[in-house]
Amino acid sequence: DCTWSGCVPSKAIIHAAAQSLLSRGDGMEDMKKTHEYVHRKINEVYALENPKTLKEKGIDFRNGEVSFISKHKILVKTSGSNEEMISSKYFIIGSGAAPRELQLDGIDDVERKWNYKEIWSVNELPPRLAVIGSGPIGSELAQAFSRLGSEVTMFGSKLLRKEVDEAREILLKTFNKEGIRCITSRPTRVSQSQEGSVNVEVEGESVQVDGILYSIGRNPVLPPGIDKVVGSHGIGKTGGLIVNDYLQTKCKNIYACGDCIEDNLQFTHYAGKQGWYCVRNAFLYGKSKGIITEKVPRVTYTDPEIGGVGIITVEEAQSRGYKKAVSIRQNGSHIDRAVCEDANSSTFIELILSDDRSKSAKILGGTCVGPRAGETIGEIALIVNNGINLEKVADTIHPYPTYGFGLMQLCSNEASERFYRSATAKIAKWL
């Protein structure tokens, strides 16, 4: 999913759209070039993980449809009518998820509609595009198509609902500036005219568009027969596999990782890590927990980028027992790289600390907004996951001028302020 219809093509089109915005080229021509560019990048990434590459690493590969016969047997149907029965002591399922279908009156009669997997076949730019869904995928693609030249209207109840209010406000201002209209309601009906245009009805208003892109969530995909093996009690309400903390299904020899797990975080980096835990737990002594949702970083690759990890609000920290938790913040106007790149008004770093006095306070989580926020949130994830405290981050020299230097500067300023309020500082001043 990630290589063919997720992370790779979306980041490729984001890059291409940014270049289109800079060049102010013709949208139709840019879309044709963009289509070629996106698929070229997909194939470049695939070359690193295709069957030939896997075989060179000693991995046997079967390309076909898999169904479970029992907890120790699967049937693989390859090309033609070839079938192969494979027995194993352990199985690991990583079958992913599929786009949730749009349930909307009139949608079946609309010809030009695409989910996030189908949109990559489009090589002609829709002059007017409706994006239904205001999560990370919808937000990224709305901005990309707008920059390529589409007139974009986004429909969704709340933009990036998992992020802090100010991050969402900054992105909304950017969207408004770039001409993306955001309607905070869901459409009630759509209809297609004889000429091919689409009428989207929402709260008494009609919006005319030439195509609909929808991204309203994803449902787990499971191999046939697994429901009979694990039983009905092993499948969740959304159709995902129920696993324990060690990623075992109801059949302890069958493990699962990634998006096929019920209520799992749907990130490639999380799925990959869970895959590693599955192998570790199946073959090595002892068990490692594979459900680690709180400390998994996330990034939305809009412009500006928005990243978050761990606990991102004081209220959440206090509800988890950190009664003296506080937030500290560095605005873009005090991050020299942001100033140099004219991004100071759309950049900030915010950290949540475990207490309001100690220089060794734990960093519980944080939010980054701005250019390359995804790189900065990766460092904060390292800090959070390894219990690195405020003072240690402050003491780590970062290169200047980087956004990482802004993180260090934030921690350094806070550690200094805490020292100045300490008894040691007061004694030093008195002496």
Side-chain angles (χ1 to χ4, degrees), residues 134-140 143 156 158-175 265-267 269-270 292-320 322 324-339 341 343-356 361-390 393-394 398 402-415:
S134 52
I137 297 174
S139 298
E140 290 176 2
Q143 188 175 48
K158 190 173 185 179
L159 184 66
L160 299 181
R161 62 174 61 252
K162 289 187 177 182
E163 307 306 337
V164 296
D165 289 343
E166 187 164 356
R168 291 189 283 105
E169 290 168 4
I170 288 174
L171 184 59
L172 184 59
K173 286 180 181 178
T174 301
F175 280 2
L265 292 177
Q266 296 187 346
F267 300 122
H269 46 281
Y270 188 41
I292 47 175
T293 56
E294 183 181 295
K295 297 180 180 180
V296 177
R298 62 184 179 275
V299 182
T300 300
Y301 296 90
T302 46
D303 180 9
E305 292 182 2
I306 298 175
V309 65
I311 297 173
I312 61 172
T313 66
V314 170
E315 292 76 16
E316 183 184 0
Q318 291 176 343
S319 70
R320 295 185 179 218
Y322 298 98
K324 295 184 178 181
V326 295
S327 67
I328 60 173
R329 177 188 175 98
Q330 190 86 330
N331 289 322
S333 57
H334 288 81
I335 300 175
D336 292 355
R337 185 60 177 270
V339 174
E341 295 183 346
N344 42 309
S345 63
S346 60
T347 298
F348 73 85
I349 302 171
E350 183 176 28
L351 300 177
I352 306 300
L353 305 181
S354 60
D355 68 69
D356 59 354
K362 290 176 63 178
I363 297 175
L364 305 175
T367 298
C368 292
V369 178
R372 294 178 292 286
E375 315 304 326
T376 307
I377 207 67
E379 182 176 359
I380 297 176
L382 177 70
I383 292 167
V384 171
N385 277 274
N386 290 278
I388 301 172
N389 64 35
L390 176 71
V393 178
H398 287 59
T402 61
Y403 289 93
F405 187 89
L407 172 64
M408 180 206 73
Q409 198 172 32
L410 170 61
C411 293
S412 180
N413 290 343
E414 180 65 20

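- Residues satisfying the side chain to side chain donor-acceptor pair (under 3.5 Å) criterion with D355, sequence neighbours excluded, are R418.
- Of all the heavy atoms in V369 and S346, the pair that sits closest is CG1-O, 3.5 Å.
- Rounded to the nearest 0.5 angstrom, I363 CD1 and I352 CD1 are separated by 11.0 Å.
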Practice task
Determine, stepwise, if the pair H334 / L410 fulfils side chain to side chain contact (heavy atoms under 4.5 Å, CB included).
Solution key: CA-CA 9 Å; H334 288 81; L410 170 61; over 6 Å; no
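- Applying the side chain to side chain contact (heavy atoms under 4.5 Å, CB included) criterion to S354, with sequence neighbours excluded, gives Y322, A361, K362, L364.
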Practice task
Go through V164 and F348 one step at a time and tell me if the side chain to side chain contact (heavy atoms under 4.5 Å, CB included) criterion holds.
Solution key: CA-CA 12 Å; V164 296; F348 73 85; 4.3 Å; yes
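- Between I306 atom CD1 and K162 atom NZ the span is 14.0 Å, to the nearest 0.5 Å.
- Every residue meeting the side chain to side chain contact (heavy atoms under 4.5 Å, CB included) condition with V339, not counting sequence neighbours, appears here in chain and number order: N344.
- Listed by chain and residue number, R161, R168 satisfy the side chain to side chain contact (heavy atoms under 4.5 Å, CB included) test with K158 (two or more places apart in sequence, or in another chain).
- Considering only residues two or more places apart in sequence or on other chains, T347 meets the side chain to side chain contact (heavy atoms under 4.5 Å, CB included) condition with I335, A338, A343, P371, Y403.
- Looking at residues two or more places apart in sequence or on another chain, you find no side chain to side chain donor-acceptor pair (under 3.5 Å) involving N385.
- For E316, the side chain to side chain donor-acceptor pair (under 3.5 Å) partners at least two apart in sequence or on another chain are R320.
- The distance from atom CD1 of I380 to atom CD1 of I377, rounded to the nearest 0.5 Å, is 4.0 Å.
- Taking each heavy atom of A325 and V314 in turn, the nearest pair found is O-CG1, 3.5 Å.
- L390 places none of its side-chain heavy atoms less than 4.5 Å from the side chain of L351.
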Exercise for the section: Evaluate the criterion side chain to side chain contact (heavy atoms under 4.5 Å, CB included) for residue pair L160 and S139; output intermediate values, then yes/no. Expected result: CA-CA 8 Å; L160 299 181; S139 298; 3.9 Å; yes
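- Annotation: salt bridge (charged side-chain N to carboxylate O under 4.0 Å, His left out) contacts involving residues 368-382, sequence neighbours excluded, comprise E341-R372.
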Problem - salt bridge (charged side-chain N to carboxylate O under 4.0 Å, His left out) between E166 and R329, intermediate numbers included - result: CA-CA 12 Å; E166 187 164 356; R329 177 188 175 98; 2.6 Å; yes
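- A pairwise comparison of heavy atoms in C368 and A373 identifies O-CB, 3.7 Å as the closest pair.
- Screening residues 297-313 for side chain to side chain donor-acceptor pair (under 3.5 Å) gives R147-D303, E163-R298 as the qualifying pairs, with residues at least two apart or on separate chains.
- Listed for the T174 side chain is a donor-acceptor partner under 3.5 Å among the backbone atoms of I170.
- You'll find the side chain of D336 stays beyond 4.5 Å of the side chain of F405, heavy atoms only.
- Interatomic distance, CD1 of I311 versus CG of L353, reported as 11.5 Å (0.5 Å rounding).
- In terms of heavy-atom proximity, G404 sits nearest to T376 at N-OG1, 4.5 Å.
- The structure places OG of S412 at 10.0 Å from CD of Q330, a figure rounded to the nearest 0.5 Å.
- With values rounded to the nearest 0.5 angstrom, I349 atom CD1 is found 10.0 Å from N331 atom CG.
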